[in-house]
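Below: one structure, written as structure tokens.
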Amino acid sequence: QIENTFEAECNLNILHITFVFLLQNPKTKEQIENLVRNGMNKELRDRLCCRLTFGTAGLRSAMGAGFCYINDLTVIQSTQGMYKYLERCFSDFRQRGFVVGYDTRGQVTSSCSSKRLAKLTAAVLLAKGVPVYLFSKYVPTPFVPYAVRHLKAAAGVMITASHNRKEDNGYKVYWENGAQITSPHDKEILKCIEECVEPWNGSWNENLVDTSPLTRDPLEEISKIYMEDLKKICYHRELNTKTNLKFIHTSFHGVGHDYVQLAFKAFGFKPPIPVPEQKDPDPDFSTVKCPNPEEGESVLELSLRLAEKESARVVVATDPDADRLAVAELQENGRWKVFTGNELAALFGWWMFRSWKANSSKEADVKNVYMLATTVSSKILKAIARKEGFHFEETLPGFKWIGSRVKDLLDNGKEVLFQHPAGRQAPPGVAPLWHRIYTPADPSAPQFLLTARVGRWNVECGLADLHIPSVSPVLPSS
């Protein structure tokens with residue numbers, strides 16, 4: 001048994017031998033041996049003398065060789081720690097199983113891809129007799145927590161670095177409630193990782209995913225049920241089928257294209273027009289400096305250009321793992337407005353409550369209705385709640401806190417209409433909420449001129465001085 005050397009004196013020779021001995025990936029092994037041959041001790045020390053920190057968001061780092069990088073070995077070690085901790089927490093872990101999803105990231109120089117890391121994650125658990133729900137194709141990040149809850153799995157992992165730079169990858173962990181883990185789970189998992197750093201028999205056997213009877217593919221079931229659930233918040237599908245409004249969608253070289261097409265279909269809209277240069281997965285994100293929809297003009301240039309060519313009024317952008325959204329609208333003055341997350345939250349919150357009132361029975365109690373936001377978000381939802389009489393709660397920033405609280409409320413029979421996790425981007429899953437953005441009298445006219453909509457709420461709620469922070473500019477249409 002090889003002992004964990006990180007708390008001992010940092011001996012580069014011992015660490016080099018340890019890493020190479022534990023590793024079976026020739027690409028990352030070669031990276032370390034090249035550094036040794038060239039006497040690059042500082043870089044060796046940086047790569048080998050510290051371990052990835054396992055936090056409440058899981059792991060995130062650059063892909064490459066070393067104990068502080070995302071690679072085959074560190075993912076195997078992390079999954080072994082996860083197994084050990086989950087076995088302790090759930091007596092029925094082997095019955096409930098584990099969900100694994102992945103995006104389209106990859107790095108040739110380290111032979112490291114999200115799909116390969118997902119297979120190795122599954123192999124660790126399959127070798128221990130745990131059923132694994134491994135998606136057979138790349139999926140949006142929200143599919144993993146959704147699947148964890150729907151399939152009643154003990155936990156799940158999504159291999160993704162979301163909208164971060166192309167060199168990065170990550171290991172997002174979701175608990176049985178569908179939310180990312182909170183403390184003390186992260187600290188306990190880290191302890192378990194450090195107790196089992198040597199790969200177990202079978203941990204390297206990624207072929208297990210093709211041969212084990214415990215491997216299950218949830219893709220078809222989850223895609224179908226997810227889209228069916230979306231229809232439950234579509235209140236004017238017939239009207240949607242008649243609109244002349246055109247949408248442009250960019251998936252920023254990630255996973256979003258196919259799933260956004262399905263979501264629009266679920267709501268009765270014509271398919272959004274994809275940005276061809278950014279439609280298909282590309283781990284190099286070759287047309288954008290940063291694949292983050294928050295960046296505004298610099299990443300939406302191709303989308304806005306296509307929108308003008310196609311006479312489209314609305315641009316929708318999803319990040320590479322399709323868990324955040326940006327929206328731009330062509331204004332009456334011919335300029336493009338890129339909405340902030342706070343502005344979109346005001347719109348979606350207003351619409352969800354308006355729809356709830358219009359479709360609820362007379363016996364429905366507004367006191368049973370909740371909306372949530374984080375402490376760093378706009379206070380507009382709080383103002384609407386005070387005006388309309390439903391409950392509003394704030395949580396600490398982060399999906400994990402809101403997700404946990406939403407689950408608690410639902411378990412206690414409450415109705416959660418909307419949650420808003422941050423101020424700069426829209427929350428995951430809101431892209432399909434374009435179920436009625438125009439007036440019934442004129443299906444071709446957009447109804448989410450947000451400045452006017454929010455301004456009206458400010459007056460009605462007695463908040464004339466409430467300002468929603470904006471980080472996105474109004475862009476010229478030319």
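These numbers come from a predicted model, not from an experiment. Numbers for residues simply follow the sequence, beginning at 1.
- Checked against ring pair (Phe, Tyr, Trp, His ring centres under 6.0 Å), Tyr171 has no partners two or more places apart in sequence or in another chain.
- Judged by distance alone, with hydrogens and angles left aside, the side-chain atoms of Asp284 form no donor-acceptor pair with the main-chain N or O of Ser286 at under 3.5 Å.
- Side chain of Asp186 to backbone of Gly58: no donor-acceptor contact under 3.5 angstrom is found.
- Side chains of His420 and Asn342: a donor on one and an acceptor on the other come within 3.5 Å.
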Inset, instruction - Determine, step by step, whether Lys414 and Asp408 satisfy the salt bridge (charged side-chain N to carboxylate O under 4.0 Å, His left out) criterion, reporting the C-alpha distance in whole Å, the side-chain angles of both residues, the deciding distance to 0.1 Å, and the verdict. - result: CA-CA 9 Å; Lys414 306 303 180 184; Asp408 291 342; over 6 Å; no

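- Closest non-hydrogen pair, Lys84 versus Glu195, comes out as NZ-OE1, 2.8 Å.
- To the nearest 0.5 angstrom, Cys192 atom SG is 12.0 Å from His185 atom NE2.
- Side-chain atoms of Arg105 never come within 3.5 Å of backbone atoms of Ile159 as a donor-acceptor pair (strictly under, hydrogens ignored).
- Two residues are said to be in side-chain contact when any heavy atoms from C-beta on lie closer than 4.5 Å; Cys234 and Asn240 meet this criterion.
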Inset, instruction - Given side chain to side chain contact (heavy atoms under 4.5 Å, CB included), test Asn292 with Val299 step by step and report yes or no. - result: CA-CA 7 Å; Asn292 186 351; Val299 292; 5.9 Å; no

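- The environment of NZ in Lys187 is sparse: at most 12 heavy-atom neighbours from other residues, nucleotides or ligands sit within 6.0 Å.
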Inset, instruction - Mind running salt bridge (charged side-chain N to carboxylate O under 4.0 Å, His left out) on Glu394 and Lys379 for me, showing each step along the way? - result: CA-CA 10 Å; Glu394 283 187 328; Lys379 307 305 177 187; 2.4 Å; yes

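- By the 4.5 Å heavy-atom criterion applied to side chains, Thr287 and His253 are counted as neighbours.
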Legend entry - Derivation of the side-chain hydrogen bond (donor to acceptor under 3.5 Å, both in side chains) call for Ser61 and Asp168: CA-CA 5 Å; Ser61 184; Asp168 290 352; over 6 Å; no

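- Checked options Thr375, Val406, Thr374; the residue passing with Thr395 is Thr374 (criterion: side-chain contact (heavy atoms from CB on, under 4.5 Å)).
- Considering NZ of Lys265 and CG of Leu230, their distance stands at 13.5 Å, rounded to 0.5 Å.
- Tyr102 has its ring centre no less than 6.0 Å from the ring centre of Tyr138.
- To the nearest 0.5 Å, atom CG of residue Leu126 and atom CG of residue Asn207 are 11.5 Å apart.
- At least one donor-acceptor pair under 3.5 Å links the side chain of Thr121 to the backbone N or O of Leu117.
- Atom NZ of Lys27 sits in a sparse spot, with 12 or fewer heavy atoms from other residues, nucleotides or ligands closer than 6.0 Å.
- Side-chain atoms of Phe267 and Ile233, non-hydrogen and from C-beta on, do get closer than 4.5 Å to each other.
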Legend entry - Trace of the side-chain hydrogen bond (donor to acceptor under 3.5 Å, both in side chains) decision for Ser203 with Gln80: CA-CA 8 Å; Ser203 289; Gln80 291 179 168; 3.0 Å; yes

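- Across every non-hydrogen atom of Ala62 and Arg165, the tightest pair is CB-NH2, 3.6 Å.
- Considering only heavy atoms from C-beta on, Pro320 stays 4.5 Å or farther from Asp103 through its side chain.
- Interatomic distance, Leu306 CG to Gln278 CD, rounded to the nearest 0.5 Å: 10.0 Å.
- Residues Val376 and Pro397 come closest through the heavy atom pair CG1-CG, 3.9 Å.
- The side-chain heavy atoms of Arg51 and Gln77, taken from C-beta on, include a pair separated by under 4.5 Å.
- Proximity of the aromatic rings of Phe353 and Phe390 is defined here by a centroid distance below 6.0 angstrom, and this criterion is met.
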Inset, instruction - Please report the C-alpha distance between Lys152 and Glu176 in whole Å, then the side-chain angles of each, then the deciding distance to 0.1 Å, and finally whether the salt bridge (charged side-chain N to carboxylate O under 4.0 Å, His left out) criterion is met. - result: CA-CA 7 Å; Lys152 297 181 171 56; Glu176 63 171 339; over 6 Å; no

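- A donor-acceptor pair is defined here as one N or O able to donate and one able to accept, closer than 3.5 Å; no such pair exists between the side chain of Glu295 and the backbone of Cys290.
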Inset, instruction - Mind running side-chain hydrogen bond (donor to acceptor under 3.5 Å, both in side chains) on Arg149 and Asn177 for me, showing each step along the way? - result: CA-CA 6 Å; Arg149 291 191 58 189; Asn177 61 359; over 6 Å; no

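- How far CG of Leu134 is from OG of Ser212: 11.0 Å, rounded to the nearest 0.5 Å.
- Figure legend: Arg47 and Phe67 shown without cation-pi pairing, the cationic atom not lying both under 6.0 angstrom from the six-membered ring centre and within 45 degrees of its axis.
- Salt bridge status for Glu87 with Arg94: present, with a side-chain N to carboxylate O gap under 4.0 Å.
- Side chain of Thr79 to main chain of Val75: a donor-acceptor pair is present (N/O by atom type, distance under 3.5 Å, no hydrogens or angles).
- Annotation for Leu381 and Leu372: closest pair CD1-O, 4.3 Å, computed over non-hydrogen atoms.
- Asp282 has no carboxylate O lying under 4.0 Å from a charged side-chain N of Lys166, or vice versa, which leaves the two without a salt bridge.
- Note: Phe143 and Tyr259 meet the aromatic proximity criterion, with ring centroids under 6.0 Å apart.
- Between the side chains of Asn359 and Ser355, no donor-acceptor pair of N or O atoms lies under 3.5 Å.
- Within the 4.5 Å cutoff, the side chain of Thr250 has no heavy atoms near those of the Leu302 side chain.
- The backbone N or O of Ala65 sits less than 3.5 Å from a side-chain atom of Gln31, completing a donor-acceptor pair.
- With values rounded to the nearest 0.5 angstrom, Leu120 atom CG is found 4.5 Å from Ile76 atom CD1.
- Side-chain atoms of Val132 and Leu125, non-hydrogen and from C-beta on, do get closer than 4.5 Å to each other.
- Two residues are said to be in side-chain contact when any heavy atoms from C-beta on lie closer than 4.5 Å; Trp356 and Val369 meet this criterion.
- In this structure, Asp319 contributes its side chain and Ala322 its backbone to a donor-acceptor pair below 3.5 Å.
- Within the structure, salt bridge (charged side-chain N to carboxylate O under 4.0 Å, His left out) pairs that include any residue of residues 199-225 comprise Arg116-Glu206 (at least two apart or interchain).
- Aromatic rings from Phe392 and Tyr370 are positioned such that their centres are separated by 6.0 Å or more.
- No hydrogens or angles considered: a donor-acceptor pair under 3.5 Å links the side chains of Ser162 and Asp321.
- For Trp175 and Phe90, the ring centers sit closer than 6.0 Å to each other.
- Annotation: Tyr226 is not in aromatic contact with His150 [ring centroid separation under 6.0 Å not met].
- Checked by atom type and distance alone, the side chain of Thr215 pairs as donor or acceptor with a backbone atom of Val209 at under 3.5 Å.
- Ring geometry, Phe269 versus Phe264: the interplanar angle falls from 30° to 60°, so the pair is classed tilted.
- Legend: residues meeting ring pair (Phe, Tyr, Trp, His ring centres under 6.0 Å) with Tyr83, ordered by chain and number and at least two apart, are Trp200.
- At distances below 3.5 Å, at least one donor-acceptor pair connects side-chain atoms of Asn71 with backbone N or O atoms of Gly64.
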